[in-house]
Amino acid sequence: MKKIRAVNLGGWFVLERWMNEELFARNNVTGNDETDFSKQAKDPISELADHRNTYIIKEDLDWIKNQGINVVRIPIPWWLFGEGVYVRSVEKLDEVLAYLDEIDLDYMLDLHTAPGCQNGFDNGGIQNVLEWPNDQKNIDKT
């Protein structure tokens with residue numbers, strides 16, 4: 001049995017201010033989560049595309065692989081395909097997964113958010129909101 005040596009790639013596809021203060025500050029975003037970023041940033045589509053293209057790059061994934069890591073965990077949002085204020089990111093994820101396959105680095109996708117927020121924290125996509133368990137539409141969508 002292969003020993004798992006893993007690392008988490010948080011903050012890449014689900015924004016959390018504490019993981020990238022500079023991105024939030026540069027965009028004058030006062031909130032802590034991706035909902036606030038998407039609503040408050042002047043150009044969230046461009047800013048998030050730049051973030052996703054530069055936060056972790058192929059050379060970082062190569063370095064991770066060369067350190068003996070054999071699995072990466074990638075937190076992903078429920079709005080991966082875009083919805084409402086949220087910016088679509090599925091194409092970038094597809095590109096990343098293809099590269100991970102190319103370099104033979106396993107991955108685990110973690111559905112890190114749920115519609116209506118599952119925990120009320122910034123890592124749920126919208127801080128101080130906890131509507132997921134109270135709305136069957138949110139549960140069904142998840």
Under a single-linkage definition using a 4.5 Å side-chain heavy-atom cutoff for Ile, Leu, Val, Met, Phe, Trp and Tyr, are [X] and [Y] assigned to the same hydrophobic cluster?
X   : Y    : result
V71 : L109 : no
V14 : M19  : no
I64 : M108 : no

First locate atom [atom1] of [X], then atom [atom2] of [Y], and finally report the distance between them rounded to the nearest 0.5 Å.
X    : Y    : atom1 : atom2 : result
N138 : W78  : CG    : CH2   : 8.0 Å
N123 : N32  : CG    : CG    : 11.5 Å
I74  : I56  : CD1   : CD1   : 8.0 Å
H112 : N119 : NE2   : CG    : 8.0 Å

Any donor-acceptor N/O pair, [X] side chain to [Y] backbone, under 3.5 Å:
X    : Y    : value
K65  : D104 : yes
N134 : E131 : no
S38  : Y86  : no
Q118 : P133 : no
N70  : R5   : yes
Q40  : T30  : yes

query = With a 4.5 Å limit on heavy-atom distance, are the side chains of Y99 and D62 in contact?
reply = yes

ask   = Any side-chain heavy atom of D122 sitting closer than 4.5 Å to one from D36?
value = no

Could you tell me which non-hydrogen atom of [X] sits nearest to which non-hydrogen atom of [Y], and how far apart they are?
X    : Y    : answer
P77  : L111 : C-CD1, 4.0 Å
I69  : L105 : O-CD1, 3.3 Å
T35  : G125 : OG1-O, 2.6 Å
G120 : L130 : N-CD1, 4.1 Å
G11  : H51  : O-NE2, 2.8 Å

inquiry  = Under the side chain to side chain contact (heavy atoms under 4.5 Å, CB included) test against W12, which residue among L93, N20, I76, V96 passes?
reply    = V96

note = Note: with side-chain heavy atoms under 4.5 Å as the link, the other cluster members for F24 come out as L15, L23, V29, F37, I45, L48, V87

query = Which other residues belong to the hydrophobic cluster containing W132, where Ile, Leu, Val, Met, Phe, Trp and Tyr are joined when side-chain heavy atoms lie under 4.5 Å apart, directly or via other members?
reply = I139

Pair listing, salt bridge (charged side-chain N to carboxylate O under 4.0 Å, His left out) test, anchored in residues 16-29, at least two apart = R17-E21, E22-R26, R26-E47

ask   = Under a 4.0 Å N-O cut-off, is there an ion pair linking E83 with K141?
value = yes

